[in-house]
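A short write-up of the structure that comes next.
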Protein chains: 2
Amino acid sequence: MDFASMPIIAVGAGVLGLIFAFYFATSVLKASPGNARMQEISQAIQEGAMAYLNRQYRTLIPFVIVIFFLLFFLKSWETGISFLFGAVLSASAGYVGMGITTRANARTTEAARTSLNKALGVSFRAGAVMGLSVAGLGIIGVSVLYLWFQDAEIINSFAFGASAIALFARVGGGIYTKAADVGADLVGKVEAGIPEDDPRNPAVIADNVGDNVGDTAGMGADLFESYAASTIAAMLVGVTVFKQVNAGLPGLMLPLMIGVAGLISSIIASFFVRTGENANPQTALNMGLWGTNILTAIASYGIVNMMLPPTLKISDTLTLTPNRVFIAIIAGLLVNVLIGLLTEYYTSNQKKPAQGIAKASETGAATNIIAGLATGLKSTALPVIVICVAIFVSFQVAGIFGIAIAAMAMLSTAGMVVAIDSFGPVADNAGGIAEMAELEPEVRKTTDKLDSVGNTTAAVAKGFAIGSAALTALALFNAFSELAHVQKIDILVPTTIIGLFIGAAVPFLFSAFAMEAVGKAAFEMIGEVRRQFREIPGLMEGKAKPDYRACVDISTKAAIRQMIVPGLLAVGTPLLVGFGLGKDAMGGMLAGGTVAGLLMAIFMANAGGAWDNAKKYIEAGNLGGKGTPTHAAAVIGDTVGDPFKDTAGPSLNALIKVMGTISLIIAPFLR
Amino acid sequence: MDFASMPIIAVGAGVLGLIFAFYFATSVLKASPGNARMQEISQAIQEGAMAYLNRQYRTLIPFVIVIFFLLFFLKSWETGISFLFGAVLSASAGYVGMGITTRANARTTEAARTSLNKALGVSFRAGAVMGLSVAGLGIIGVSVLYLWFQDAEIINSFAFGASAIALFARVGGGIYTKAADVGADLVGKVEAGIPEDDPRNPAVIADNVGDNVGDTAGMGADLFESYAASTIAAMLVGVTVFKQVNAGLPGLMLPLMIGVAGLISSIIASFFVRTGENANPQTALNMGLWGTNILTAIASYGIVNMMLPPTLKISDTLTLTPNRVFIAIIAGLLVNVLIGLLTEYYTSNQKKPAQGIAKASETGAATNIIAGLATGLKSTALPVIVICVAIFVSFQVAGIFGIAIAAMAMLSTAGMVVAIDSFGPVADNAGGIAEMAELEPEVRKTTDKLDSVGNTTAAVAKGFAIGSAALTALALFNAFSELAHVQKIDILVPTTIIGLFIGAAVPFLFSAFAMEAVGKAAFEMIGEVRRQFREIPGLMEGKAKPDYRACVDISTKAAIRQMIVPGLLAVGTPLLVGFGLGKDAMGGMLAGGTVAGLLMAIFMANAGGAWDNAKKYIEAGNLGGKGTPTHAAAVIGDTVGDPFKDTAGPSLNALIKVMGTISLIIAPFLR
């Protein structure tokens, strides 16, 4: 095997991904942006989103520069450069994706006037631009750094750069979107009594901007980071495990080639996404997702048999074979599918859990809240078992390398997962634009079809992001032990237990901060929306235009200000524990943070999703429908669920990974 | 030192505790039980409580017998006997305490007609009967078994017996009390519009019974178990650490003697509890609590210097001295005090967190819930740090033995803590009886003073129960490693990580089951109360009496039925993990369960307490007071908090300990 050329193949695949991203972007931009009113709204959303991203990144520049210099002087110039590269590429993926999704919204609305399939095409392709950019830039970044430095330890700080950006993007975007949402709903819908997405609502543009900065940019940065971190962790583990063969090259290169397989499968499967005019667009997206998983599996089978030696004895009890590694890959891909199905079960309004919450709303808000919390808590068990089985199986067949490669396999499909996730906010925005531009009701019906599918795919992507974050964290954990030269992290050592306690407490405290941040930001937003309704004459009558920009500004400033404290908690704790209590505590902290972070993330995401869909179930006319006390109780649950599922929950993925990548950075100091 | 006679001294101290319990019981029973109406109500509560306890224990008999025979045949007849002994003594502590507290309620009401100090005396002494029974029976049980079998491993199954009873007492009692409470409030207060504790409410007796079976019997069984388990764990660790001296006798006997110190200190300090007629009774109870801690500290200083060798080199880096062990004891006692203060801070209506939740109620139920959840999540950080510092300090000064003895020291004050905790439901019941017997309003004012103090002491006791459960679990954890002959529990081993994940998921799933159980039981209760209001003519007008017994029956049956699933989860998981995945996974499960269980328990207890007091803060006339939308929002938060703080939260203590004691039982099989 010509291992030396593989990073070049990987770069080639990454470039191919970017070429298709460009192709999809062109095809989206060719579509008609609709009438003047639609273009005006779309532009306002686009400007708001870009203004937020600019400001967020500008705020992070000093932070990035300080860490860059710290790495540069305390470790090496190469680690500094890698870090910077990771931060810049993660930010770029956000920019590119947001640039296109915010341009695709009005175009989707316009396409929806004539055809469901066309509207799906525009919105999915916009999502695919984001997805392929994430995967393409991720694999290019890792490969280029490998070609340049030939040192997996240096490349790791690429993942750290990406995770730092991802953390703030998740937290900031999460706060932004919910502050705007709560402000728009509480004053507009509840107090003023105007419908959702009504153009008279001053916070309506901020709300639509929020969908993009939270779901698109945040999720993109998050999965870019998981992608990079799991590739690097698998490379670090692989080079050690295969050290007897070609200086470890098969183990080092296999993760890259699995990444290539996943990326190309995502490109191919994106052409499967098309729907009949009366069909359920869910089927189309499922085709894309299943297609990617199946193609990746088939390609991986060829790759492991081509690249790996027929047998390799790595310990007295374990002899690696290509088929054993293949089983680990299948285990990783199955985690994808199973966690997605479980998430759907616990959150869909077609299924018992959400309907049970709806039923509990009949006796009021308190029972709705208790039912939602119980559902969320209960929903943690099966995903944890799925992850445990995957860990067990992949370890049995291929040792530690099996776990790392399972994580990598799972993430290799990120191109498609991000695509179907980013599709959601586009469809959501498209509906909003149809409403605000006062188009015929049929258009809204078509976009609603897409939007409801978007809610399911968002849930699937959330499950994917959480599950992959946990597996990535485990891979990082093993990489940490290599780099810190620790042979064991023994829980019988009290400092390890202390680390475990502290690590597990971080997700609790972090979630509290994130939820409080939403509260504070929403409070400012409510004040502003109320002020506009009060002070702008003729606003309620539709004679005057609200000051959308003021609301966008408030969300932006509040999100930026409020993301600092949780961000510092995430970055500061590993440093304090590592340098203050040593490597045992550090290992304990990583384990505690990963386990508690995973559980809290699943709990919050699923409780939030179930509350949301319980409300939708009632709004669809069940249990009395809209306007009943039952509905009012369900609305309270949905509002509680908002910061759960869109702020705290998703930020926890970024939290556990940033703890992991920092631990790798400081590991050599703890030897 | 005459170590051989020490268990006899310990038995003597235990008997002394029981004598004082008997003395206090006599003095309570001598007080006047009030008029005929008061006696009738008190009797109804007493009968309901006893009926529940009888039924609960009867349900557990088959379970206890099966385990007895399993232990008898699979391990040894001695372990079987120890288990049975633990189960019977734990149940007895519950019986004795409930017998007196349910007789003290009307007597407290009667005393409150003339004097606050007298009312405090009756109610506190009733609590002290429970407290001294728990501590006295605990130390007698452990000592007698030691004298009989001279084998710490056998005595451990005494702790297992106690923890099995404690688990079901906590879960069942927690479900009972909240089902009755929700039923009484939702139909009586909200639907029928009658006041709290109104005799026309069919669920009013069940509600008062619930206070006793939840707070008194549940807490008593729980702390009896912590007391026994931490003594035994410290003895197991001590005998190993001191093996060079007198065959380990100093290490084996020190925990017993610390227990003696704490018990006698509790007896002495219980005479400090008296108040002036216009003083705050809180000061009196604080005197009791502080007195116990200070006396225990002083006595321990003498004990360690008398019993331990001046120096003992136990490793290359650690030489034990009496003063070093004393520092560990102080660390344990300080955890008591600090966790109590933190719990009070996060839940008191005089402090910012609860007032912040009250303020958040102004914008509705959703913001109230979000604020309460955030407060609960945030409140986990400082208690965890306190526990970590205590672990760190006690390990630094005295190694593993330091941690075990810190836990023991903390629990040695259980006599007083249980006393001030059990005092709460007596005062609460006394207020209810004043209301139901339609006494003059001044009486209710006096009992309300006691009741509000009871809420604070209940919070302090909850913090104590949680913190001590965590330290006990750690001590059990080390004892497990001794018995399973494991040198390390390495988180780099995948089965350990799997155990960690599963262990951490158990508290989440368990909490969900507990909360759902309350929902189901409350649902049945609501149906029955509504039925009685509908079908009994003249009930609302006070012309006919409701059928209290039917409501008591429903709570009883529902609690018994609903406690089975969470109970089996707690008992079954360690068995499955231990025998299915081995000792690494078992170790990981214990660590994960302890860490996640502690965090969830603090989160739920403090969120619930803060919601409760936020409501009380508004009811005291702040932010508009009763009857406003703000108050309505706060009531919703309080209702959500009920199963948090009184069912799921406290049951988690029992959960993590039962997982620990089971692990000790099966440890030898996993070698």
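Reckoned from all heavy atoms, side chains included, excluding hydrogens, waters and symmetry mates. This one's a predicted model, so the numbers in the text were calculated from it and none came from an experiment. Labels below follow one simple rule: chain letters A, B, ... track the order of the sequence lines, proteins then strands, and each chain is numbered from 1.
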Inset, instruction - Side chain from CB out, backbone as N, CA, C, O: work out which of these in A:Ile497 comes under 4.5 Å of a heavy atom of chain B, or both, or neither. - result: side chain
Inset, instruction - Find the one option among A:Pro494, A:Ser481, A:Ala366 whose heavy-atom pairs under 4.5 Å with chain B are most numerous. - result: A:Pro494
Legend entry - Region of A:Ile385 that comes under 4.5 Å of a non-hydrogen atom in chain B: neither
Legend entry - Contact origin within A:Val640 toward chain B - heavy atom pairs under 4.5 Å: both
Legend entry - Heavy-atom contact with chain B under 4.5 Å, split by part of A:Phe513: side chain
Inset, instruction - Look only at the side chain of B:Asp490 and the backbone of A:Asp490, and say whether a donor-acceptor pair between them is shorter than 3.5 Å. - result: no
Inset, instruction - Could you tell me which portion of A:Leu590 (side chain, backbone, both or neither) has an atom closer than 4.5 angstrom to a non-hydrogen atom of chain B? - result: neither
Legend entry - B:Glu516 CD to A:Thr375 OG1 distance, which is reported to the nearest 0.5 Å: 6.5 Å
Inset, instruction - Identify which part of B:Val384 has an atom lying under 4.5 Å from any heavy atom of chain A, answering side chain, backbone, both or neither. - result: side chain
Legend entry - Heavy-atom proximity to chain B below 4.5 Å, by part of A:Ala504: both
Inset, instruction - Heavy-atom distances under 4.5 Å only: say whether B:Ile526 touches chain A with side chain, backbone, both or neither. - result: neither
Legend entry - Toward chain A, the part of B:Phe392 with a non-hydrogen atom under 4.5 Å: both
Inset, instruction - Enter the distance from B:Ile636:CD1 to A:Thr367:OG1 here, rounded to the nearest 0.5 Å. - result: 9.0 Å
Legend entry - Options A:Thr380, A:Leu581, A:Val389, A:Ile369, ranked by heavy-atom pairs under 4.5 Å with chain B, top entry: A:Ile369
Legend entry - Under 4.5 Å from any heavy atom of chain B - which part of A:Thr639: both
Legend entry - Atom of B:Ala374, atom of A:Ala512 and distance for their closest heavy-atom approach: O-CB, 3.4 Å
Inset, instruction - Find the distance between CG (B:Leu377) and CZ (A:Phe510) and round it off to the nearest 0.5 Å. - result: 12.5 Å
Legend entry - Flag side-chain contact, heavy atom, 4.5 Å: A:Ile602 against B:Phe508: no
Inset, instruction - Answer with side chain, backbone, both or neither: which region of A:Phe501 has an atom nearer than 4.5 Å to a non-hydrogen atom of chain B? - result: both
Inset, instruction - Go through the atoms of A:Ser379 and report whether side chain, backbone, both or neither lie under 4.5 Å from a heavy atom of chain B. - result: neither
Inset, instruction - Check whether any side-chain heavy atom of A:Leu500 lies under 4.5 Å from a side-chain heavy atom of B:Leu500, and answer yes or no. - result: yes
Legend entry - Under 4.5 Å from a heavy atom of chain B, the part of A:Ile403 involved: side chain
Legend entry - Segment of A:Phe644 engaging chain B (4.5 angstrom heavy-atom cut-off): side chain
Inset, instruction - For residues B:Phe395 and A:Ile498, determine if any side-chain heavy atom of one lies less than 4.5 Å from a side-chain heavy atom of the other. - result: no
